[in-house]
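Computed from a prediction, not measured in an experiment: that's the story for all the values here.
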Amino acid sequence: MMMSFGRKCSTHADWLEANRYSRRFAKNLCGGTLISEVLIRLKAAAVNSQPAAERLIEYSAHYPILMCILASIPDLDLVPRPLTSKIPNYGAALIFELHSSLGVDDTMWAVSLQQQDGSAAEYVTVELPCASPTALQIVGGHSACMLKDFQELVAPEQLKWQSKWCTACNNTAMPACYRARNLPETDRPSTYVEAFKRPNTAAIQEVQQAAVRHSVTLAYKPEC
C-alpha cells in the first residue's frame, strides 16, 4: 500500500523537526534559558520564597520549546518518545512537579517530569537520569530525582545571563546581544535566577519584574 503524498510530507516533517530540536543539534541553545527559569522556580518553592499564587506556573509556547526543554536535559532516554520522535500534537505539555516529604532533620524535595502528547493523551513519566529510590518514595511510585540531583544534572545547561545565551549562539547581531557585548553593565539575567541569591525581597521583586519579561523573549526563541 503506497503512502499518500500528505502522509509522506508529515513523516518527513516529523523527522526533520525531531532532528532539528534534538539533543545532538539543539543542545541547550534553545532551552537553556527556560530550564534555568524552571530550576530557579523549583528552588524558590523549596525554600518557601515562592508566592502562594505561583504554586502552579504555566508557560505557553509552540512545539519547538517542548522539544528544546527535553534537549537541554542531558542523558535523557525518552521511552516512549512522543515529544521527541515527531512533531508534538496540539495541546502537548511537559509538567515539572515538586514533591516534598518531611525528613529526619528537614524537608526533602523531589522533582518529577511528566509528558502528555495532546490533551486527550495519557500522562507519561519521563525517566530522568538522576532518578533515585528515595525520590521515588517521596513522589509515590514513579521515577523522580532529588531536587539537589536534578539541579546538578541541568546546572551545566543553564544560560542564566543574556550574554551567556548570546555567546552560546554566537549572536552579535541581535540588539540585546550587541549591548551585552559592548556594554557589559547592561547585561541582564535571562531569568530572575541571580535575584534568588539575594535575600532582599524588594530586590528580588525588582529584578523579577525586569528580567522575567526578557527571559520570555529569549526562552521562547526556538533557535539561535
Side-chain angles (χ1 to χ4, degrees), residues 16-45 49-50 54 57-76 83-84 87-88 92-96 111 113 126 128-130 147 150-198 203-224:
L16 177 63
E17 296 299 88
N19 280 275
R20 182 184 185 186
Y21 298 111
S22 67
R23 173 73 180 176
R24 177 184 176 188
F25 291 106
K27 301 182 177 65
N28 66 335
L29 299 180
C30 58
T33 54
L34 191 52
I35 200 68
S36 293
E37 181 75 14
V38 169
L39 180 59
I40 196 57
R41 288 189 181 275
L42 291 172
K43 289 167 61 181
S49 64
Q50 191 80 302
E54 295 185 2
I57 301 171
E58 298 180 3
Y59 294 87
S60 177
H62 296 293
Y63 71 83
I65 295 303
L66 297 176
M67 304 174 88
C68 286
I69 282 287
L70 294 173
S72 67
I73 301 176
D75 303 321
L76 197 61
L83 300 190
T84 57
I87 296 175
L94 288 173
I95 301 97
F96 290 87
V111 178
L113 176 58
V126 176
L128 295 169
C130 53
L147 177 57
F150 182 74
Q151 178 181 347
E152 292 177 354
L153 175 69
V154 301
E157 310 301 316
Q158 292 180 274
L159 296 175
K160 299 179 183 179
W161 286 83
Q162 179 175 287
S163 58
K164 295 292 186 183
W165 181 88
C166 296
T167 300
C169 290
N170 195 26
N171 189 328
T172 58
M174 187 170 144
C177 293
Y178 178 84
R179 289 194 300 270
R181 181 180 181 182
N182 295 281
L183 300 169
E185 66 274 12
T186 66
D187 196 13
R188 285 188 172 191
S190 59
T191 69
Y192 75 102
V193 64
E194 290 303 313
F196 172 72
K197 296 179 180 178
R198 300 165 60 187
I204 291 176
Q205 292 175 345
E206 178 184 352
V207 177
Q208 217 176 333
Q209 292 169 358
V212 169
R213 291 194 299 272
H214 188 73
S215 73
V216 170
T217 301
L218 291 182
Y220 286 41
K221 185 177 177 61
E223 56 187 317
C224 293

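F96 and I35 make their closest contact through CZ-CD1, 4.2 Å (heavy atoms, listed as atom of the first residue, atom of the second, distance). Contact between C177 and W165 at its shortest, heavy atoms only, is SG-CZ3, 3.8 Å. Across all their heavy atoms, L66 and P88 have their closest contact at CD1-CB, 4.4 Å. Scanning both residues, P64 and Y21, for their nearest heavy atoms gives CB-CZ, 3.6 Å. The two atoms that bring E17 and M67 nearest to each other are O-CE, 3.7 Å, heavy atoms only. Closest non-hydrogen pair, Y59 versus I57, comes out as CE1-CG2, 3.7 Å.
With V111 as the fixed residue, the side-chain contact (heavy atoms from CB on, under 4.5 Å) test singles out one of L153, V38, V154, L147: L147.
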For the pair L128 and L76, evaluate side chain to side chain contact (heavy atoms under 4.5 Å, CB included) and give the outcome as yes or no after the intermediate values.
CA-CA 6 Å; L128 295 169; L76 197 61; 3.9 Å; yes
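Within the model, atoms SG of C130 and CG of D75 stand 10.0 Å from one another, a figure rounded to the nearest 0.5 Å. If you take CD on Q162 and CE on M174, they are separated by 6.5 Å, rounding to the nearest 0.5 Å. Separating the CZ atom in R23 from the CD1 atom in I73 is a distance of 9.5 Å, to the nearest 0.5 Å. Rounded to the nearest 0.5 Å, atoms OG (S22) and NZ (K27) are 8.5 Å apart. Between R20 atom CZ and I87 atom CD1 the span is 10.0 Å, to the nearest 0.5 Å. If you take CG on L29 and CD on E157, they are separated by 9.5 Å, rounding to the nearest 0.5 Å.
By the 4.5 Å heavy-atom criterion applied to side chains, C166 and T172 are not counted as neighbours. Residues F150 and L42 are in side-chain contact: their nearest non-hydrogen atoms beyond the backbone lie under 4.5 Å apart.
No more than 12 heavy atoms of other residues, nucleotides or ligands lie within 6.0 Å of CZ in R181, so this atom counts as exposed by the packing criterion.
Partners of Q151 according to the side chain to side chain donor-acceptor pair (under 3.5 Å) rule, which considers only residues two or more places apart in sequence or in another chain, do not exist here.
Judged by distance alone, with hydrogens and angles left aside, the side-chain atoms of T167 form no donor-acceptor pair with the main-chain N or O of K164 at under 3.5 Å.
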